[in-house]
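Before any comments, here is the structure.
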Amino acid sequence: RPVALRRAFTNLIVNAASYGEAATVGLAEAEGDVEVTVADRGPGIPEAMREKVFTPFFRLEGSRSRETGGTGLGMAVARAIIRRHGGDIALEDRPGGGLVARVRLPGTP
């Protein structure tokens, strides 16, 4: 489902660009799977909150203002789409500061 995957990666890239000022996207093969990374140089996400950002309507920025962020669905939607494709997503600290969203999808047989 290429349209769904495009939406998932758009959500990740827009978040990185919005909260981290710029997004760096990488693609690699990892043990037969495909690994896509979306990295930024923003403030990151505290480790204790990383799983919570995948909860629908949860936002780290709590004002609920559309001018300071979205509705809190982007990460939940991205994870749901990626998991429907047999993959998963994890958030990690980026060396030197920022955040990395690491997406792993099954490679083709």
- Query: With side chains defined as the heavy atoms from C-beta onward, is the minimum distance between Leu91 and Leu99 less than 4.5 Å?
  - Reply: yes
- Task: Could you pull out the closest heavy-atom pair between Met75 and Val53, with the gap in Å?
- Result: CB-O, 3.3 Å
- Check whether any side-chain N or O of Arg41 sits under 3.5 Å from a backbone N or O of Ala22 as a donor-acceptor pair, and report yes or no. no
- Query: Shortest non-hydrogen contact from Ala101 to Leu12?
  - Reply: CB-CD2, 4.3 Å
- Task: Measure the shortest side-chain to side-chain distance between Leu105 and Leu5 over non-hydrogen atoms and say whether it is less than 4.5 angstrom.
- Result: yes
- Item | Check: Thr55 main-chain N/O paired with Arg79 side-chain donor or acceptor under 3.5 Å | no
- Pick from Ile82, Thr10, Asn11: which one makes a side chain to side chain contact (heavy atoms under 4.5 Å, CB included) with Val77? Asn11
- Flag the pair Asn15 / Ile13 as yes when at least one side-chain heavy-atom distance between them is below 4.5 Å, and no otherwise. no
- Ile89 and Phe9: same hydrophobic cluster, using ILVMFWY side-chain contacts below 4.5 Å? yes
- Message: Ignoring hydrogens, what is the shortest heavy-atom contact between Gly87 and Pro106? Give both atom names and the distance.
- Response: N-CD, 4.0 Å
- Message: Would Arg104 and Glu31 count as a side chain to side chain contact (heavy atoms under 4.5 Å, CB included) here? Give the steps.
- Response: CA-CA 10 Å; Arg104 195 139 182 185; Glu31 300 170 8; 3.6 Å; yes
- Query: Do you know the tightest heavy-atom contact between Ala17 and Ala23?
  - Reply: N-CB, 4.2 Å
- Message: So that I can tick it off, tell me whether Arg83 and Asp88 are bridged by a salt bridge, with the cut-off set at under 4.0 angstrom between side-chain N and carboxylate O.
- Response: yes
- Item | side chain to side chain contact (heavy atoms under 4.5 Å, CB included) between Thr24 and Val38, worked out | CA-CA 6 Å; Thr24 303; Val38 180; over 6 Å; no
- Any side-chain heavy-atom pair of Val103 and Thr37 under 4.5 Å: no
- Are any of the side-chain nitrogens in Glu35 or Arg102 under 4.0 Å away from the carboxylate oxygens of its partner? yes
- Item | Nearest-0.5 Å distance, CD of residue Glu92 to CZ of residue Arg50 | 8.0 Å
- Decide side chain to side chain contact (heavy atoms under 4.5 Å, CB included) for Ile81 and Arg6; before the verdict, give the C-alpha distance in whole Å, the side-chain angles of both, and the deciding distance to 0.1 Å. CA-CA 10 Å; Ile81 291 168; Arg6 181 177 27 211; over 6 Å; no
